[in-house]
Amino acid sequence: EIGTRVITARIQPIAIRLPRFNRPNSRHVNLTWVSVLSLAWTGLFTPLLSLDSESGLIHLVTALLVLAASLFAFVYAALIWRVQRGSAGALTKALSDYSPSFAIHWEAPKNTVYQIKMWLPYLEQVGVDFFVIVRTTKNFEEVRTITDRPVILRSDLKDIDSAIVPSLKAILYVNTATLNNHLVRFTDLTHVQLNHGDSDKAASSNPAFKIFTKNFVAGQAAIDRFERNGVTTPPDFFEVVGRPQVSSIETAQLRSSSSAIKTVLYAPTWHGFYEDSNHSSLKIGPVLVQSLVEAGTRVLFRPHPYSLRSSKYRRIIKKVEAYLADQNSKGGVQHLYGNASASALIESLFNESDALIGDVSSVVADYLQSGKPLSVV
């Protein structure tokens, strides 16, 4: 059982939707039934050892059956692992035949798929073949559900080589994850940082951006931000490409509101990795939301998903949601929060609102497209 568990922990998906690649893509071994058999045998048949010889024989037979099941699971897992270990050549061959022009490299914590999801629809419109490289099983499972392009998992540094094929011209990135270093070492490729938002946070002018060949930005303000923070860059480092994600945001002139009740989107950012990047207004969130409600405003509450990682901010979010739930139970104006808010596209919340209250974040920058009032805490 222990041996099977060790081996299956090493078995990871390799690739999905990659033409001509048919190697095993998952563990195919469920350890649950092996454990259940072992426990059932121990609990039910061990007492028979003290009985007559016939019962002892039953005990021996069942023990052998459980052992056989465990051995089968071990051997089956070992065979899959062996096949996967030798799959690098087959992966390179399949990728070469697919002949992609570029790849997207993405590694991030769980529930961060929005970083890459916001770019996929626009990269699809480029009209050339590409694939996505991820580094963890969690990332693989998240990305496979949001694109019909090939997704491959290369977890170790040495595994990356098998994904670099002659047709590749560029690697695109949507964050500054440390593992991006595993790709930028291929100096014959163009490395483009797209990022996943544009804001005045310190992360938006991080000197780490300089490891990339190009930094695609929304506009001149993004370029000025680097200079303002003393980060020198080559003359041809920036490429202004706009912000395609705002194309679905309705402008104030196009939107007509028949309701006398105004709707305000409150979208606080998260607390950052370090205190100097903490721009979150969630600490005053309960007071702010209550003030809006008491003023007769409908509230759309959309905190950053990373805020849930902190027990402190998670408690604040629950407090705000409990207050809004209580208000909804009284009838009248129905506020939006929780899963209903989290599952909605942020652009749809922009369009549903009459104004925004936000923090220093890309949410504020994107909301400018609407031409509607906003306040930055």
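Just so you know, these numbers use all the heavy atoms, side chains as well, and skip hydrogens, waters and symmetry mates.
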Taking it one step at a time, do Tyr173 and His191 satisfy side chain to side chain donor-acceptor pair (under 3.5 Å)?
CA-CA 8 Å; Tyr173 308 82; His191 300 275; 2.7 Å; yes
Main chain of Val299, side chain of His335: is a donor-acceptor contact present, judged purely on distance under 3.5 Å?
yes
Take Tyr306 and Thr269, measure what side chain to side chain donor-acceptor pair (under 3.5 Å) needs, and give me the verdict at the end.
CA-CA 8 Å; Tyr306 274 21; Thr269 191; over 6 Å; no
Could you check whether Asp198 pairs with Arg225 (Lys NZ or Arg NE/NH1/NH2 to Asp/Glu carboxylate O, under 4.0 Å)?
yes
Side-chain donor-acceptor pair under 3.5 Å between Ser167 and Tyr98, yes or no?
no
Residues Lys117 and Glu142 bridged, charged N to O under 4.0 Å:
no
Are side-chain N/O atoms of Tyr313 and His304 paired as donor and acceptor at under 3.5 Å?
no
Which residue in the set Leu172, Thr213, Ile171 passes side-chain contact (heavy atoms from CB on, under 4.5 Å) when paired with Thr190?
Thr213
Would you compute the distance between atom CD of Gln245 and atom OG of Ser362 and round it to the nearest 0.5 angstrom?
9.5 Å
Determine whether a donor-acceptor pair (N or O, by modelled atom type, separation under 3.5 Å) exists between the side chain of Lys372 and the backbone of Tyr367.
no
Would a 4.5 Å heavy-atom cut-off, applied to side chains only, mark Phe301 and Ile317 as touching?
yes
Can you tell if the side chain of Leu168 reaches within under 4.5 Å of the side chain of Pro100, non-hydrogen atoms only?
yes
Side chains of Asn175 and His196 only: does a donor on one sit below 3.5 Å from an acceptor on the other?
no
Using a strict threshold of under 4.0 Å (side-chain N to carboxylate O), is an ion pair present between Lys138 and Glu141?
no
Distance in Å, Asp161 CG paired with Arg154 CZ, rounded so as to fall on 0.5 Å steps
10.0 Å
Taking Ser280's backbone N and O only, do any of them form a donor-acceptor pair with Asn278's side chain (distance below 3.5 Å, no angle check)?
yes
One pair to check against side chain to side chain contact (heavy atoms under 4.5 Å, CB included): Leu336 and Thr263. What are the steps and the verdict?
CA-CA 10 Å; Leu336 192 70; Thr263 298; over 6 Å; no
Do you know which of Asn180, Thr112, Ile116 makes side-chain contact (heavy atoms from CB on, under 4.5 Å) with Val174?
Ile116
Between Asn195 and Val217, is there a donor-acceptor pair closer than 3.5 Å when you use the side chain of the first and the backbone of the second?
no
